[in-house]
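The figures that follow rest on heavy atoms only: side chains count, while hydrogens, waters and symmetry mates do not.
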Amino acid sequence: MHLYLSDTSPLNTTFSDEAGQAIYKVDTPLGLISCTANISRVVRDDIPREGKDLQDRFAHLAQVEWHMFGSSFIRQGGQEIDTRIFFRKEGLGWYGRNHVFMAPNGRDYRWEPGTTPTLVTNDKAKTRVAHFHRKCIFNRRPPSLEIYPGGEEIMDIILITLVYIEKVRKDAENAASRSHKGGHDTVHYW
């Protein structure tokens, strides 16, 4: 399954399926010291609607709150968890560290950083679960989140964690750009 972004950034966009049906919406107003992504999921119903009632309805799914100083948090289902507890950082590669987390299904997953972040199972099989395709300047392919069959049962947490890691990557990239103007140093995103 592909979820296509209406904008290039997963921080302010609508994720829609192949048929154009909106599935998730992310709104992240900018803040000076902190910012919060509000993530909503479409509410489906079996009631036929007409006219202006055809507009999609969304329900709150989660919030991701980043702080310049101190901990960041993920809020979902009435729970708040510190991202330093939710994610374990493992390994170190060209693009930074992997972010490992346990999904609601009890399995560990790992976001592998890179030019196209990939979510895999955190085991020997390293089964691909999701893949984020950023906007490519060389073709007209829109940015998308590709979710493989093994990831459809945890689609909500895939999207929530993608929003988190992309903000962390963007902040690290901006900081590196400011500190290495004109340089060609390696950027470690996570």
S.K.: Taking atom CE of Met155 and atom CZ of Phe15, what is their separation to the nearest 0.5 Å?
M.R.: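 Reported to 0.5 Å precision, the distance equals 11.0 Å.
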
S.K.: Does the side chain of Lys89 reach to within under 4.5 Å of the side chain of His99, using non-hydrogen atoms?
M.R.: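 Side chain of Lys89 against side chain of His99, heavy atoms only: contact under 4.5 Å found.
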
S.K.: Can you name the nearest heavy-atom pair linking Gln76 to Leu61, along with the distance?
M.R.: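 The answer is CG-O, 3.5 Å.
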
S.K.: Judged by atom type as modelled, is there a donor-acceptor pair below 3.5 Å linking the side chain of Thr121 to the main-chain atoms of Thr127?
M.R.: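 Looks like yes, one N/O pair under 3.5 Å.
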
S.K.: Once you round to the nearest 0.5 Å, how far does OH of Tyr164 lie from CD1 of Ile74?
M.R.: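 Separation between the atoms: 7.5 Å.
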
S.K.: Looking at Ser144 and Glu146, would you say the former's side chain and the latter's main chain have a donor-acceptor pair under 3.5 Å?
M.R.: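 A pair under 3.5 Å: no.
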
S.K.: Taking all non-hydrogen atoms of both residues into account, name the closest pair between Phe58 and Val42 and its distance.
M.R.: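 Looking at all heavy atoms of both residues, the shortest contact is CD2-N, 3.4 Å.
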
S.K.: Is the closest side-chain heavy-atom distance between Asp27 and Asn12 below 4.5 Å?
M.R.: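 The answer is yes; the side chains approach within 4.5 Å.
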
S.K.: Does the side chain of Glu90 come within less than 4.5 Å of Asn122's, by heavy atoms?
M.R.: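 Answer yes - side chains close enough.
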
S.K.: Quick check: closest heavy atoms across Thr14 and Ala22, and the distance to 0.1 Å?
M.R.: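 Between these two residues, the closest heavy atoms are CG2-CB, 3.7 Å.
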
S.K.: Report the distance from atom CZ of Arg134 to atom OG1 of Thr116, rounding to the nearest 0.5 Å.
M.R.: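 OG1 of Thr116 is found 7.5 Å from CZ of Arg134.
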
S.K.: Take a 6.0 Å sphere around CD of Gln21 and say whether it holds more than 12 heavy atoms from other residues, nucleotides or ligands.
M.R.: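 Yes - once you tally the heavy atoms of other residues, nucleotides and ligands closer than 6.0 Å, there are more than 12.
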
S.K.: Nearest heavy-atom pair of Val43 and Ala59: which atoms, and what distance?
M.R.: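 Closest approach of Val43 to Ala59, heavy atoms only: CG2-CB, 3.5 Å.
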
S.K.: Mind checking the CD1-CD1 spacing from Ile165 to Ile160? Nearest 0.5 Å is all I need.
M.R.: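 Reported to 0.5 Å precision, the distance equals 13.0 Å.
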
S.K.: Can you tell if the side chain of Tyr109 reaches within under 4.5 Å of the side chain of Ile157, non-hydrogen atoms only?
M.R.: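 No, side chains not in contact.
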
S.K.: Pick from Asn38, Thr161, Ile39, Leu162: which one makes a side chain to side chain contact (heavy atoms under 4.5 Å, CB included) with Val64?
M.R.: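 Among Asn38, Thr161, Ile39, Leu162, the one meeting side chain to side chain contact (heavy atoms under 4.5 Å, CB included) with Val64 is Ile39.
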
S.K.: Identify the heavy atoms of Ala37 and Thr28 that sit nearest to each other, and give their distance.
M.R.: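 Distance-wise, the nearest heavy atoms are CB-OG1, 3.3 Å.
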
S.K.: Does a sphere of radius 6.0 Å around NZ in Lys25 hold more than 12 heavy atoms from other residues, nucleotides or ligands, not counting ones at 6.0 Å or beyond?
M.R.: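 No - once you tally the heavy atoms of other residues, nucleotides and ligands closer than 6.0 Å, there are 12 at most.
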
S.K.: Look at the rings of His67 and Phe73 and say which category their plane angle falls in: under 30° parallel, 30 to 60° tilted, over 60° perpendicular.
M.R.: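 Perpendicular.
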
S.K.: Any non-hydrogen side-chain atom of Arg41 less than 4.5 Å from a side-chain atom of Leu159?
M.R.: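 Arg41 does not reach Leu159 side chain to side chain.
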
S.K.: Say you draw a straight line from NZ of Lys167 to SG of Cys35; how long is it, rounded to the nearest 0.5 Å?
M.R.: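 Lys167 NZ to Cys35 SG: 4.0 Å, rounded to 0.5 Å.
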
S.K.: Going from CG on Asp17 to NE2 on His2, what distance comes out if it is rounded to the nearest 0.5 angstrom?
M.R.: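 Output value for this atom pair is 12.0 Å.
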
S.K.: So does Ser6 get a backbone contact from the side chain of Thr13, meaning a donor-acceptor N/O pair under 3.5 Å?
M.R.: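 Confirmed, Thr13 side chain pairs with Ser6 backbone.
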
S.K.: Report the relative orientation of the aromatic rings in Phe87 and Phe101; use parallel for angles under 30°, tilted for 30 to 60°, perpendicular for over 60°.
M.R.: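 Perpendicular.
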
S.K.: Test of understanding: clusters of I, L, V, M, F, W, Y form through side-chain heavy atoms closer than 4.5 Å, transitively. Do Ile85 and Val163 belong to the same one?
M.R.: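 Yes, one cluster joins them.
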
S.K.: Other residues, nucleotides and ligands only: do more than 12 of their heavy atoms fall within 6.0 Å of NZ on Lys135?
M.R.: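 Result for NZ/Lys135: enclosed.
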
S.K.: Show the numbers, then the answer: is there a side chain to side chain contact (heavy atoms under 4.5 Å, CB included) between Arg107 and Ile154?
M.R.: CA-CA 10 Å; Arg107 295 186 66 191; Ile154 59 165; over 6 Å; no

S.K.: Is the closest side-chain heavy-atom distance between Pro142 and Leu5 below 4.5 Å?
M.R.: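 The answer is no; the side chains never approach within 4.5 Å.
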
S.K.: Is there a continuous path of hydrophobic side-chain contacts, each under 4.5 Å between heavy atoms, that joins Val100 to Ile158?
M.R.: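 Cluster IDs for Val100 and Ile158 differ.
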
S.K.: Under 4.5 Å between any side-chain heavy atoms of Leu119 and Trp111, yes or no?
M.R.: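 Yes, close enough: below the 4.5 Å cut-off.
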
S.K.: Hey, which of His131, Glu112, Glu166 is the one that makes side chain to side chain contact (heavy atoms under 4.5 Å, CB included) with Pro117?
M.R.: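 Of the listed options, the one satisfying the test is Glu166.
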
S.K.: According to a hydrophobic-cluster definition based on side-chain heavy atoms being under 4.5 Å apart (Ile, Leu, Val, Met, Phe, Trp, Tyr only), do Val26 and Met1 belong together?
M.R.: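 As far as the 4.5 Å side-chain criterion goes, Met1 and Val26 are connected within one cluster.
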
